[in-house]
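Small disclaimer: the values here were computed from a predicted structure and weren't measured. Both ligands and their constituent atoms are indexed starting at 1 by order of listing.
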Amino acid sequence: MTEGIALELAGELLRSARRIVVFSGAGLSKASGIPTYRDADGLWMNQEAVRFSHAQDLERDPAGFTRFWAQRLLAVEAARPNPGHLALAHLQRLRPSTRLVTQNVDGLLTRAGAADVLELHGSLRRWRCDHCGNRRGPWLFHRCIRCGRRARPDVVMFGEMLNKGVLLDAQVAAQESDVFLLVGSTAVVYPAADLPQQALANGGQLITLNAEPLALDHSATAVLHGKAEELLPLLVEGVGLPPGSA
Ligand code: NAD
């Protein structure tokens with residue numbers, strides 16, 4: 001299938017869908033200057049990221065942990081939503097029942113204007129204190145103002161459980177979706193690997209949009225290979241058009 005035909009088919013699927021779920025991963029934010037994990041220039045090539053990816057690393061090296069996560073927060077705050085984020089927020093305005101589920105912790109979909117984003121791995125833009133339970137801040141140089149201990153970003157680190165309520169909402173949305181669009185994720189780690197399967201098992205159709213081929217492409221009705229920041233605006237443009245005019 002050529003890219004043009006795949007784009008038309010994906011547009012048609014979205015246009016006729018009643019319930020759309022868009023599941024995004026790190027590839028969506030790459031054009032905003034935030035590295036992915038597994039690409040050649042990804043975070044896993046960064047020794048610091050490997051050293052500070054577990055919650056216990058806060059006890060092992062408190063200063064290093066805070067420095068690493070504060071730098072990541074600064075990078076996220078300096079980043080801007082790219083045309084991919086803006087297109088997804090626009091899709092939600094065109095189709096308000098659309099649920100946006102993301103593995104990203106950068107908050108860029110919300111900053112692009114999207115509503116009720118299900119952030120499966122939390123947000124770097126929220127911090128919390130695991131010692132006294134304070135989640136509200138304010139944080140004084142990343143220390144808890146209530147107990148003085150070091151705060152940590154409200155993200156799911158390795159070895160930690162996902163928030164059950166957020167995960168359940170994402171699973172229900174996937175099961176109820178008739179079109180599930182996967183964007184910029186290798187989709188190999190739970191629950192990324194599971195949500196598209198839940199959509200498929202309940203009769204939903206899958207669209208994959210990724211820079212490189214994915215194992216899941218074999219289960220997809222439409223496969224788009226390319227950059228999210230280029231393809232999503234083209235895809236969403238068609239959804240706003242009256243039927244038959246795309
Ligand atoms: P990943 O790094 O495993 O995979 C990203 C995928 O995106 C790759 O398959 C790559 O080919 C593709 N990609 C790269 N650039 C792209 C582009 N411009 N358009 C479309 N696709 C592109 O990322 P993942 O599957 O999201 O899993 C990594 C985990 O790391 C997630 O759980 C997430 O929480 C975390 N993470 C988050 C951020 C962020 O918040 N922006 C960044 C890095 C990692």
Completion exercise
Ranking Ser185, Gly122, Ala211, Gly25 by closest non-hydrogen atom to atom 21 (N) of ligand 1, top hit is Ala211

Practice task
Give the atoms of ligand 1, by number and element, whose distance to some non-hydrogen atom of Gly184 is under 4.0 Å.
Solution key: 5 (C), 6 (C), 7 (O), 21 (N)

Practice task
Side-chain contact test, heavy atoms from C-beta onward, threshold under 4.5 Å: evaluate it for Glu229 versus Pro83 and give yes or no.
Solution key: yes

Handout entry: Ile34 N/O under 3.5 Å from ligand 1 N/O
Key = no

Exercise for the section: Find all atoms of ligand 1 within a distance of less than 4.0 Å from any non-hydrogen atom belonging to Val105, and give their numbers and elements. Expected result: 39 (C), 40 (O)

Exercise for the section: Kindly check if the number of other-residue, nucleotide or ligand heavy atoms within 6.0 Å of CZ (Arg149) is above 12? Expected result: no

Exercise for the section: State if Gly226 counts as touching ligand 1 under the rule of any non-hydrogen atom under 4.0 Å. Expected result: yes

Handout entry: Atom indices of ligand 1 within 4.0 angstrom of Lys30 heavy atoms, with elements
Key = 14 (C), 15 (N)

Problem - Greater than 12 external heavy atoms within 6.0 Å of Arg111's CZ - result: yes

Practice task
Flag the pair Leu167 / Met161 as yes when at least one side-chain heavy-atom distance between them is below 4.5 Å, and no otherwise.
Solution key: no

Exercise for the section: Classify the contact between Ala26 and ligand 1 as side chain, backbone, both or neither, using a heavy-atom distance cut-off of under 4.0 Å. Expected result: both

Exercise for the section: Looking only at distances, please establish whether an N/O atom of ligand 1 is found under 3.5 Å from an N/O atom of Thr186. Expected result: yes

Problem - Heteroatom proximity flag, Glu212 to ligand 1, N/O under 3.5 Å - result: yes

Practice task
Check the angle between the aromatic planes of Phe180 and Phe23 and answer parallel, tilted or perpendicular using the 30° and 60° thresholds.
Solution key: parallel

Exercise for the section: May I ask you to test the Glu119-Arg125 pair for a side-chain heavy-atom distance under 4.5 Å? Expected result: no

Exercise for the section: Would you check whether Pro35 reaches within less than 4.0 Å of ligand 1, judged by its heavy atoms? Expected result: yes

Handout entry: Minimum side-chain heavy-atom gap Arg60-Arg51 below 4.5 Å
Key = yes

Practice task
For residues 195-206, pull every pair meeting side-chain hydrogen bond (donor to acceptor under 3.5 Å, both in side chains), keeping only residues two or more places apart or in separate chains.
Solution key: Gln175-Gln198, Asp194-Gln198, Gln205-Thr221

Practice task
Please indicate whether any nitrogen or oxygen in Leu209 is less than 3.5 Å from any nitrogen or oxygen in ligand 1.
Solution key: no

Completion exercise
ligand 1 to Ala228, heavy atom cutoff 4.0 Å, flagged ligand atoms 17 (C), 19 (N), 20 (C)

